[in-house]
Structure formats: structure tokens, C-alpha cells
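Input: a single structure, listed below in C-alpha cells.
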Amino acid sequence: MELFTPDFGLVFWMFVAFLLLFLALRKWAWPVIIKSIDERADLIDRGVEYAQNAKEQLDGARKEAERYIAEAQKQQAEILRDAAKIKTQIIEEARNEASVEAKKVMDAAKLSIEQSRKEAELQFRNEVSKFSIEIAEKMLRKQMASDEAQTELVNKLLDEIEKN
């Protein structure tokens, strides 16, 4: 059982060595260790503060981005509305211009047809007049072949002139 029960001298020297080690550690090691732990705690605290600030900035940036997106969507909708108005206006103007042009073409066609009709009517009258004169001339030559018929016609015309 001697193995399990140490001698008094061994215990004493172990206690002295522990006490010297404890005092040396307390004098030189503990301040460095405590200082390192405090620095590490400060670094961790600063990291937590930095992370919180970064999170707040990120939240602010996210809200600002959402606001910009909403504003951009409003502008997009407004631009699309304006484009639709302009499209409708351009189509309406094109229809009006086409209607005016069609009316001009129709009026020009009517005028051209009317002029052609008048020319044809005038030509027809001239032709009819020419034929009538030719027929009358042929009839008069036939009827006025004798001197007696000519004299009678002249007298008749003179009588009509006297009456008027």
C-alpha cells in the first residue's frame, strides 16, 4: 500500500514546488493571460458591435433598395402608360391623315370623272350638232333644188322676221 500513500517529504516538496510555480505564474503569467483574455473579450465585443452595425446597415440598404425598386416600378408603369398614350395618339393621327388623304383622292377622282363627263358630253353635243347640220344641209339641198322652192323659203323667212 505504500504506493498509494506518499511520504510526508514528498508531499512537502510537491507543495513547495506548487507554491513556487503558483507564485511565478501569478506574478508573470496571470497578468499576461488576463490581459490576453481581456483583449480577446474586447475584440469579440467590437466584432459583435461591428456585426450589429453591419446588420443595421444591411437592413437600411435593403430597405433603400426596396424603395428604389418600388420607385423604378412606378416609373416603369408611368413610362408604359405614356407609351400606350403616344401609341394611341400616333395611330389616331395616322388614321386621320389617311382619312384626309383618302378624301383628297376621292375628291380628285370625282373632279376628274366630272371633267371627263363634261368633255364627253361636249364632244357628244358637237357630234350631234355636226350630224344635225349635215342632215339639215342634205335635206335643204334636196328641197331647194328648184328656184321656186328657194324663193318660197326666203319669202316665208322674211314674213316671220316681219312678225317678230
Side-chain angles (χ1 to χ4, degrees), residues 25-164:
L25 286 176
R26 185 173 174 213
K27 174 95 175 150
W28 292 290
W30 280 122
V32 173
I33 292 172
I34 296 297
K35 184 179 173 187
S36 296
I37 290 173
D38 288 342
E39 287 175 0
R40 180 71 177 150
D42 289 342
L43 180 66
I44 290 171
D45 289 342
R46 283 194 308 262
V48 168
E49 286 178 24
Y50 177 74
Q52 287 174 346
N53 288 339
K55 183 180 183 281
E56 289 172 2
Q57 289 177 352
L58 181 63
D59 290 342
R62 185 175 293 133
K63 287 178 183 177
E64 190 172 337
E66 288 173 358
R67 188 170 31 111
Y68 284 142
I69 289 171
E71 186 177 322
Q73 287 173 343
K74 285 179 185 177
Q75 288 177 351
Q76 178 187 16
E78 187 175 317
I79 288 170
L80 288 175
R81 269 184 270 139
D82 290 344
K85 281 182 189 176
I86 290 171
K87 178 186 104 176
T88 305
Q89 185 179 12
I90 288 172
I91 289 172
E92 191 62 33
E93 287 175 4
R95 283 183 184 159
N96 290 340
E97 288 177 12
S99 175
V100 168
E101 286 297 318
K103 186 174 181 183
K104 284 180 183 178
V105 169
M106 291 295 287
D107 290 344
K110 284 179 183 178
L111 184 63
S112 175
I113 289 170
E114 185 65 26
Q115 286 176 347
S116 296
R117 186 188 61 79
K118 285 182 180 180
E119 287 175 7
E121 189 177 293
L122 183 62
Q123 187 178 4
F124 179 71
R125 284 184 183 184
N126 288 339
E127 291 290 323
V128 168
S129 300
K130 208 190 261 184
F131 287 139
S132 297
I133 290 174
E134 285 178 11
I135 291 172
E137 184 183 337
K138 287 180 183 178
M139 283 181 60
L140 276 177
R141 280 191 188 161
K142 193 175 190 183
Q143 286 181 356
M144 297 295 166
S146 67
D147 287 336
E148 209 176 89
Q150 289 178 4
T151 309
E152 184 182 322
L153 180 63
V154 170
N155 287 334
K156 195 181 202 185
L157 288 175
L158 286 174
D159 287 340
E160 283 181 17
I161 290 175
E162 283 179 5
K163 284 182 183 176
N164 290 335

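Between the side chain of T88 and the backbone N or O of A84, at least one donor-acceptor pair lies under 3.5 Å. In this structure, S112 contributes its side chain and A108 its backbone to no donor-acceptor pair below 3.5 Å.
Taken from CD1 in I33 to CZ in R40, the straight-line distance is 15.5 Å, to the nearest 0.5 Å. Distance check, rounded to the nearest 0.5 Å: CG of N96 to CD of E101 gives 12.0 Å. A distance of 10.5 Å separates CD1 of I37 from CD1 of I44, quoted to the nearest 0.5 Å. The line from CZ of R46 to CG of N53 is 13.0 Å long, rounded to the nearest 0.5 Å. Between the NZ atom of K63 and the CG atom of L58 there is a distance of 11.0 Å, given to the nearest 0.5 Å. With rounding to the nearest 0.5 angstrom, the CG atom of D38 is 10.5 Å from the CG atom of D45.
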Determine, step by step, whether D59 and R62 satisfy the salt bridge (Lys or Arg N to Asp or Glu O under 4.0 Å) criterion, reporting the C-alpha distance in whole Å, the side-chain angles of both residues, the deciding distance to 0.1 Å, and the verdict.
CA-CA 5 Å; D59 290 342; R62 185 175 293 133; 3.5 Å; yes

Would N126 and K130 count as a side chain to side chain contact (heavy atoms under 4.5 Å, CB included) here? Give the steps.
CA-CA 6 Å; N126 288 339; K130 208 190 261 184; over 6 Å; no

Begin with the C-alpha distance, continue with both residues' side-chain angles, and end with the deciding distance and a verdict on salt bridge (Lys or Arg N to Asp or Glu O under 4.0 Å) for E114 and R117.
CA-CA 5 Å; E114 185 65 26; R117 186 188 61 79; 2.3 Å; yes

Dump the intermediate steps for side chain to side chain contact (heavy atoms under 4.5 Å, CB included) on V48 and Q52, then the final yes or no.
CA-CA 6 Å; V48 168; Q52 287 174 346; 3.9 Å; yes

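Within a 6.0 Å sphere centred on CD of E148, heavy atoms belonging to other residues, nucleotides or ligands number 12 at most. Few gaps surround CD on E121; more than 12 heavy atoms of other groups in view lie less than 6.0 Å from it.
The shortest distance between side-chain heavy atoms of R125 and V128 does not fall below 4.5 Å.
Residue pairs meeting the side chain to side chain donor-acceptor pair (under 3.5 Å) criterion with at least one member in residues 68-86, sequence neighbours excluded, are E64-Y68.
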